[in-house]
Amino acid sequence: MGAESNVRLLRELCLHGRHISATQLAERSGLVRNSTRNALNSLRQHGLVVEEGTDGARLFRFNSEHPLGDSIGQLFGAESEGLKISSKG
């Protein structure tokens, strides 16, 4: 679960805060399509990602109700705030 591709997708899903397509996730995370699909499958199996829609229009979102949801959300939120502060300084 701690693979770099999983972490990158979790970060994007947490910060995005709503449904997003696999293509958009790949673009935002800088991952290739196959890595994105593999990571999404892994995260879905662990219950951290929820998939909705049909084959032609599948969307993904972070499962904030997962037992680790609050901790993961806080981690990436703090990371994001830290990056904003350091870029201003």
Side-chain angles (χ1 to χ4, degrees):
M1 190 167 84
E4 181 183 349
S5 56
N6 291 357
V7 173
R8 288 166 80 174
L9 289 187
L10 271 177
R11 180 183 293 116
E12 291 301 327
L13 287 162
C14 284
L15 297 177
H16 187 67
R18 55 188 184 276
H19 292 90
I20 188 169
S21 71
T23 302
Q24 290 171 314
L25 275 171
E27 290 171 2
R28 292 173 63 111
S29 66
L31 296 172
V32 296
R33 190 175 185 161
N34 284 342
S35 294
T36 301
R37 292 272 180 215
N38 291 338
L40 283 169
N41 285 334
S42 174
L43 294 169
R44 213 170 19 94
Q45 289 174 352
H46 286 95
L48 290 164
V49 170
V50 175
E51 178 181 3
E52 297 176 2
T54 62
D55 287 337
R58 292 190 298 169
L59 297 174
F60 302 87
R61 68 172 172 82
F62 175 65
N63 182 8
S64 60
E65 296 177 14
H66 187 277
L68 296 175
D70 285 340
S71 297
I72 291 170
Q74 289 174 9
L75 172 70
F76 291 127
E79 177 187 67
S80 176
E81 286 301 313
L83 291 173
K84 287 178 190 175
I85 292 169
S86 68
S87 68
K88 289 179 183 178

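Residue F62 comes nearest to L48 through the heavy atom pair CD1-O, 3.5 Å, listed as atom of the first residue, atom of the second, then distance. For the pair L59 and S21, the tightest heavy-atom approach, listed with the atom from each and the gap, is CD2-N, 3.7 Å. Contact between A39 and S5 at its shortest, heavy atoms only, is CB-OG, 3.9 Å. Taking both residues in full, the closest heavy atoms of S29 and L9 are given as OG-CD2, 3.7 Å, listed atom of the first, atom of the second, then distance. Considering every non-hydrogen atom in both R37 and A22, the closest pair reads NH1-CB, 3.4 Å.
Residues E12 and I20 are not in side-chain contact: their nearest non-hydrogen atoms beyond the backbone lie 4.5 Å or more apart.
A distance-only check finds no donor-acceptor pair linking the side chain of H16 to the backbone of L25 [under 3.5 Å].
Every side chain to side chain contact (heavy atoms under 4.5 Å, CB included) that R44 has, sequence neighbours left out, goes to N41, E51. For S71, there are no side chain to side chain contact (heavy atoms under 4.5 Å, CB included) partners, not counting sequence neighbours. With sequence neighbours excluded, no residue satisfies side chain to side chain donor-acceptor pair (under 3.5 Å) with Q74.
In this structure, E52 places its CD atom where more than 12 heavy-atom neighbours from other residues, nucleotides or ligands lie under 6.0 Å away. More than 12 heavy-atom neighbours from other residues, nucleotides or ligands sit within 6.0 angstrom of CZ on R58.
Residue R28 holds its CZ atom at 12.5 Å from OG1 of T36, rounded to the nearest 0.5 Å. Atom-to-atom distance recorded for L13:CG and F60:CZ is 9.0 Å, nearest 0.5 angstrom. Atom CG of L43 sits about 11.0 Å away from atom CG of N63, to the nearest 0.5 Å. Taken from CG in L75 to CZ in R11, the straight-line distance is 8.0 Å, to the nearest 0.5 Å. Atoms CG and CD, on D70 and E65 in that order, are 10.0 Å from each other to the nearest 0.5 Å.
In the hydrophobic clustering of ILVMFWY residues, with side-chain heavy atoms under 4.5 Å counting as a link, V50 and L40 come out apart.
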